[in-house]
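Below you'll find the structure, written out as structure tokens, and then a few comments.
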There are 2 protein chains.
Amino acid sequence: MDRTTTTGNNPRRPDLSRDNLVDAAIGLIDRDGAGALSIRALADAVGVTPMALYNHFSSKRDLIAAVGERLIRSTQFDGGHGDWREQLRYCFGALRHLCLRHPGLPDLLKLDGVVPEAAYAPMDVTKKALQAQGMSELDSVRTFFLLTGYTLSQAAFQSHPTPALAPTEKVRRERISGRGHGPVDRRDPPPEWDFDASFSFGLGIILEGIEGRIRAR
Amino acid sequence: MDRTTTTGNNPRRPDLSRDNLVDAAIGLIDRDGAGALSIRALADAVGVTPMALYNHFSSKRDLIAAVGERLIRSTQFDGGHGDWREQLRYCFGALRHLCLRHPGLPDLLKLDGVVPEAAYAPMDVTKKALQAQGMSELDSVRTFFLLTGYTLSQAAFQSHPTPALAPTEKVRRERISGRGHGPVDRRDPPPEWDFDASFSFGLGIILEGIEGRIRAR
DNA sequence: GCTGTTATATATACAGTGTATATCTATTCG
DNA sequence: CGAATAGATATACACTGTATATATAACAGC
């Protein structure tokens, strides 16, 4: 069946489609985080019954993958104009800013271990930049994992300030652990922590290490 | 009340306690992953009613934090004998192996953004090693985040092979997306991927970058 | 021994979650 | 038009964490 046959502008049937649903889903996670994306919440948001979504996505995993696909595809990773260092800075800066603009994204993907196809665009950029410097394909891929792991972990760290304790939990904790250090929430960095500078510092170290490997070739 | 007043060896009341519960919880996540740790599953495992657990933990977050605390505390991070490089290799090697022995651990902690107090032991090791080389405290902490982010992301990548599609999901997907690339599961590395070598390679790059920073002081 | 207090385990219930199954309806095609 | 089909719905199930109220077991002091 032709995909564009969706009831024209008939208001009776809402115009569901993968695209519209992904739009709405992104709205949800941008507003209230990855946890806010539930089948029922999304159905409510588009004014439809939960099970209706299953005519467009085979599962929540499928939906999540589509969200990731869309967001990552909307980002350009190969815009660096200078040398390999600039290219990598651009590429992973773009990845980082994508994660910061959509703080729910890394959580969402990690939640179900989904890796959208598009997520490997930065890998291609990295391989191209480094192989041009004489690095082997294997080492280029390894370096890609290094850069990606670092970038995502930093973005996640920046995006999630300490989640507050639920009030009732706090009360019960006092009752229970008269002894024993209670659990500790994600410890915040000092409030004036400069995430940009911190990320840049770590990236600089990595780039310097890469340069050493390249020169040692 | 004295903590050791737990009914002696009376079999009527099972000997619940934070320690025993954490033991059982670790058993669950080691056997079936982070997702297998639910209040009800843990209660079943120790032969008790779900709500009984809430006399020992204020919430599931509390339980998770205790599990993390215990596992991390059981690990020694400062056993390196050589120079700062060896110390860091030892420290983050230990962190990595901890995560590999308990593949559910990173997921578990990330799940609720919990960071056990003990998780900052590696930070102390890193600060000590690097400040001894003249690095500032700020940069040492930044470097710690770099090393931790890399180590955890690599361990997570190694621990989670592609989750299989649920059978019904596969069927429905065929029905739906006659068009559109379906979602992609975590793409596996090639089957002969050498995780140890890959981790070592990335760590080497980081250490080389650090050395550059230290020398440039 | 008995009694009151405190610690712990239970029973029940609620609001969520993803999704299987069956049904109903609106649209399109022959 | 009638038949086929795509898509939305209604209901239900098994699961989650946990609030609330109740019951029971252990201990303190008499």
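Chain A is the first sequence line, chain B the second, and so forth, proteins listed ahead of strands; every chain is numbered from 1.
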Between [N] atom [atom2] and [X] atom [atom1], what is the distance in whole Å?
X: B:His56; N: C:dA7; atom1: NE2; atom2: P; result: 13 Å
X: A:Leu16; N: C:dT27; atom1: CG; atom2: P; result: 14 Å
X: A:Asp62; N: C:dT19; atom1: CG; atom2: C1'; result: 14 Å
X: A:Phe57; N: D:dG7; atom1: CZ; atom2: C1'; result: 15 Å
X: B:Met51; N: D:dT16; atom1: CE; atom2: C1'; result: 13 Å
X: A:Asp44; N: D:dT9; atom1: CG; atom2: C1'; result: 14 Å

For this session: Report yes or no: is there a donor-acceptor pair, N or O only, under 3.5 Å between the side chain of A:Asn55 and the base of D:dA6?
Result: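 A donor-acceptor contact between them is absent.
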
Does the pair [X]/[Y] count as a salt bridge with the N-to-O cut at 4.0 Å?
X: A:Asp124; Y: A:Lys127; value: no
X: A:Asp196; Y: A:Arg96; value: yes
X: A:Arg18; Y: A:Asp62; value: yes

Problem set entry | Verdict with reasoning, B:Trp193 to A:Phe145, per ring-ring contact (aromatic ring centres under 6.0 Å, His included) | CA-CA 13 Å; B:Trp193 186 262; A:Phe145 284 130; 5.7 Å; yes

Problem set entry | Residues that A:Tyr150 engages under ring-ring contact (aromatic ring centres under 6.0 Å, His included), provided they are two or more places apart |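 Applying ring-ring contact (aromatic ring centres under 6.0 Å, His included) to A:Tyr150 gives A:Phe199.
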
For this session: Determine the interplanar angle of the A:Phe92 and A:Phe144 rings, folded into 0 to 90°, and report it as parallel if under 30°, tilted if 30 to 60°, perpendicular if over 60°.
Result: tilted

With 3.5 Å as the limit, what N/O pairs link the protein to nucleotides 15-18 of chain C?
{"residue": "C:dT17", "atom": "OP1", "partner": "A:Ser38", "partner atom": "OG", "Å": "2.8"}
{"residue": "C:dG18", "atom": "OP1", "partner": "A:Ile39", "partner atom": "N", "Å": "3.2"}
{"residue": "C:dG18", "atom": "OP1", "partner": "A:Lys60", "partner atom": "NZ", "Å": "3.1"}
{"residue": "C:dG18", "atom": "OP2", "partner": "A:Ile39", "partner atom": "N", "Å": "2.9"}
{"residue": "C:dG18", "atom": "N7", "partner": "A:Arg40", "partner atom": "NH1", "Å": "2.7"}
{"residue": "C:dG18", "atom": "O6", "partner": "A:Arg40", "partner atom": "NH2", "Å": "3.0"}

